[in-house]
There are 2 protein chains.
Amino acid sequence: MAIDRKQLILEAAKKSFSLFGYKATTMDQVAKLANVGKGTIYTFFKSKEEILDEIVTSLIRDMKAEAGNAIDPNSRFDENIRRVLIRFLEFRKSHQLTIKLFQEEREIGTKAVVDVIQRVEQAIIDYMKGIIQDAIDRGEIKECNPEITAFVMLETYVALIFDWEQHHPPLDKEEMSDLFKLYFFEGLLK
Amino acid sequence: MAIDRKQLILEAAKKSFSLFGYKATTMDQVAKLANVGKGTIYTFFKSKEEILDEIVTSLIRDMKAEAGNAIDPNSRFDENIRRVLIRFLEFRKSHQLTIKLFQEEREIGTKAVVDVIQRVEQAIIDYMKGIIQDAIDRGEIKECNPEITAFVMLETYVALIFDWEQHHPPLDKEEMSDLFKLYFFEGLLK
DNA sequence: AAAATGACCAAATGAACAAAATAGTCATTA
DNA sequence: TAATGACTATTTTGTTCATTTGGTCATTTT
């Protein structure tokens, strides 16, 4: 069987995006890395952006799979949702591609990258939304808007992990977990 | 009595910063607006940045005063802290100077402006910290780290007001209030 | 004498232009 | 028929240089 050129291109692009970022990756470079002519790329993809889109689509698939593994049917809802969130953010922290893309979004703001990050974030929120809706249906938590709830939880986690550390000593996993439990599940009121 | 030249300069600078931003304001412009020679400015201030610092210091004083007015001794803690937060963010939304400065921070990232915004944010957190510590002392809420709690509350509010609206219909005050109560005070668990 | 001033300067900025690089096309090739 | 890389229109980058700017200080005004 002949080599799967499309796959070669996707892998080359992913490697280059991870190493140099989206903007700094040239199509010539991708062609060379994939050992194909540049024209070949355009028989599989409409544009550079479409390559990124396809890569991110499979990235989202991987993230969801990882998040699924984090769920333990024997644990309570609040335990599970915290584990899912941690998985998502650790995925993001441990994969070179996501690190580079988030960095490029903040520092350069390349349009295609901003769009794609938005998709990743929405995918996380949609995933959590499902879990939250289930918990409501099962009567484990109070009625609430699942989308807003997922949004607020994600924003809070991101703030605690990325922004708090800008001016304070970082929080360890244990502390994070306790804070989350206190703020979102038990509430501050005595 | 002679005109207070220092005050004239501060007012001229504040007006210009509000209208054009910090970077786009020139010292010649401030001098002209204040009807003083440029050299005079430097008998009162060491640098352009020092003018901004002094303006923001008094801005923080005003914000704290406004926040203080929002506190009603007859209301419960959670009602009060929500009102204080709303006051802070409305202050920020309704004063031309803060609008311009936050915009310049995001869009240009002028160093002096980034520093000054950080000071404003820390001032809000410190103020809330005090209120939270009081509530803990009075036994109204559970033990918690007041600084982290203030930080998370501010981040959440900002996310709901500024980020949520990017891709969703805005939340009205009533909804915001209910969400805040649910997430932070009562908790999601049944 | 003290306070105020604006001409002046070194450094920063940005407009304008040239050169290089790049995404995407298409006639040719294998 | 699938693959290719030379080619092109458009962006991006690098460079130059006139203008602008924050800040100083010798001079003027009070």
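Here is the naming used below: chain letters follow the sequence lines, and residue numbers restart at 1 for every chain.
Place A:A24 and A:G39 on DNA chain C by their nearest nucleotides, and A:A24 ends up nearer the 5' end.
For the pair B:Y42 OH and C:dG6 P, the computed distance is 15 Å after rounding to whole Å. In this structure, CG of A:D4 is placed 15 Å from C1' of D:dA3, rounded to the nearest angstrom. Rounded to whole angstrom, the span from the CD1 atom of A:I51 across to the C1' atom of C:dT22 amounts to 14 Å. What separates CZ of A:F20 from P of C:dA21 is a distance of 16 Å, to the nearest Å. Rounded to an integer number of Å, the gap from NZ of A:K32 to P of C:dT22 is 11 Å. If you measure from atom NZ of A:K46 to atom C1' of C:dG24, you get 12 Å, rounded to the nearest angstrom. When rounded to the nearest whole Å, the span between CD of A:E49 and P of C:dT22 equals 18 Å. One atom, NZ of A:K48, and another, P of C:dT22, lie 9 Å apart when rounded to the nearest Å.
Of the candidate nucleotides C:dG24, C:dT5, D:dA3, D:dA3 has the atom nearest to the side chain of A:R5. Closest to the B:K38 side chain, of the nucleotides C:dT5, C:dG6, C:dA23, is C:dG6. Here the side chain of B:K23 is nearest to one of C:dG14, D:dT24, C:dA4, namely C:dG14. Across D:dG22, C:dT5, C:dA23, the shortest atom-to-atom separation from the side chain of A:T26 is found for C:dA23. Counting only heavy atoms from C-beta on, B:F44 has its side chain closest to C:dA4 among D:dT4, C:dA4, D:dG22. Among C:dA4, D:dC7, D:dA3, the nucleotide with an atom closest to any side-chain atom of A:T40 is D:dA3.
Side-chain rings of B:F180 and B:Y157 approach one another, their centers coming within less than 6.0 Å. Ring centroids of B:Y127 and B:F88 are separated by less than 6.0 Å, placing the two rings close together.
Figure legend: cation-pi geometry between B:R5 and B:F44 absent, as NZ or CZ is not positioned both under 6.0 Å from the six-membered ring centre and within 45° of its axis. B:K48 forms a cation-pi arrangement with B:Y22, by the criterion of a distance under 6.0 Å to the ring centre and an angle within 45° of the ring axis.
Residues A:L188 and B:T149 form a side-chain contact, since some pair of their non-hydrogen atoms from C-beta on lies under 4.5 Å apart.
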